[in-house]
Amino acid sequence: MTEPVISESLAAARQRLADALQQAGRPLADARLLAVSKTKPAAMIREAWHLGQRDFGENYVQEALDKQDELADLAGIVWHFIGPLQSNKTREVAERFAWVHSVDRVKIARRLNDQRPEALPPLQVCLQVNISAEASKSGVSLDELPALAEAVLAMPRLRLRGLMAIPAPAEGLDAQRAPLARLRQALEGLRERFPEAPLDTLSMGMSDDLEAAVLEGATLVRLGTAIFGARQRHE
Ligand SMILES: *Cc1c(COP(=O)(O)O)cnc(C)c1O
């Protein structure tokens with residue numbers, strides 16, 4: 001498999017995001033790229049960092065820790081955990097990441113809160129919402145979201161920043177937008193309910209649906225393939 005030239009694919013991804021924001025009538029500073037580097041070698045992350053990319057997303061705890069060790073010299077790098085999170089892995093995530101996008105139950109949130117080291121700033125959290133029920137077993141339901149948000153907001157070592165979703169694959173802008181609109185509306189609902197909370201993040205949009213996500217208000221788009229090329233291993 002041919003590897004992309006990171007300088008080119010990253011520039012293309014930035015342009016794509018800029019075009020999508022412009023199309024949506026939103027300012028350029030409104031959304032940023034999260035480079036999803038799962039299964040990709042540390043050297044590719046280093047290359048992207050040299051090109052100014054700072055936010056990186058990983059799905060597998062052990063793989064991420066190995067890369068973090070290898071890349072400990074990269075100033076300002078921000079690690080996001082975006083994969084399914086089991087109870088027995090929360091400590092590593094609480095200790096080694098700045099963000100977690102995949103919190104979908106109180107038990108996991110409570111462990112992260114208890115395990116977040118005092119020396120670090122609070123862990124930045126997005127709640128993963130199941131917006132297309134048939135596609136995924138992870139994610140809190142829209143019905144249960146307010147209660148989970150309320151619980152997380154009471155946890156001092158977590159900072160609830162917003163919502164994340166992985167919609168079922170869909171063809172065409174309108175079909176892609178429908179579930180993403182539900183996530184945007186869910187965030188709007190939480191903002192009304194919890195006006196004091198710093199709810200500024202909609203983590204949505206991947207390589208196939210970035211434009212739809214930006215039209216629906218995404219602030220953090222998670223691009224893997226578009227930056228690092230196709231993955232050989234399963235996700
Ligand atoms: C793998 C992954 C991505 C990136 O997907 P691409 O289609 O390669 O851009 C984004 N978000 C999550 C949660 C992922 O697991």
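Bear in mind the structure is a predicted one, so any value in this text is a computation, not a measurement. Remember, it's 1-based here, ligands and their atoms both numbered in the order they're listed.
Side-chain atoms of Thr90 and Gln115 form a donor-acceptor pair, as typed in the model, at a separation below 3.5 Å. No side-chain donor from either of Arg32 and Thr219 sits under 3.5 Å from a side-chain acceptor of the other.
At a 4.0 Å heavy-atom cut-off, ligand 1 touches Ile82 through backbone and side chain alike. When heavy-atom distances to ligand 1 are checked against a 4.0 Å cut-off, Lys38 comes that close only through its side chain, counted from C-beta outward.
Taking 4.5 Å as the limit, some side-chain heavy atom of Leu220 sits within range of a side-chain heavy atom of His101.
Looking at Asp208 next to ligand 1, no N or O pair under 3.5 Å apart turns up. Ligand 1 has no N or O atom lying under 3.5 Å from any N or O atom of Ile166, backbone or side chain.
Against a heavy-atom cut-off of under 4.0 Å, Asn59 is close to the following atoms of ligand 1: 14 (C), 15 (O). Close contacts between ligand 1 and Arg222 involve ligand atoms 4 (C), 9 (O), 10 (C), 11 (N), 12 (C), 13 (C) [criterion: under 4.0 Å to a heavy atom]. Close contacts of ligand 1 with Thr225, meaning ligand atoms under 4.0 Å from a residue heavy atom, involve 6 (P), 7 (O), 8 (O), 9 (O). Close approach of ligand 1 to Leu223 (heavy-atom distance below 4.0 Å) involves ligand atoms 9 (O).
In this structure, Gln185 places its CD atom where more than 12 heavy-atom neighbours from other residues, nucleotides or ligands lie under 6.0 Å away.
Across all non-hydrogen atoms, the minimal contact from Ser37 to Glu58 is OG-OE2, 2.7 Å.
Proximity of Arg231 to ligand 1 is established by a heavy-atom distance of less than 4.0 Å.
Applying the ring pair (Phe, Tyr, Trp, His ring centres under 6.0 Å) rule to Phe81 yields the partners Phe97; only residues at least two apart in sequence or on another chain are considered.
Applying the side chain to side chain donor-acceptor pair (under 3.5 Å) definition to pairs two or more places apart or across chains, those involving residues 142-155 are Ser141-Glu144.
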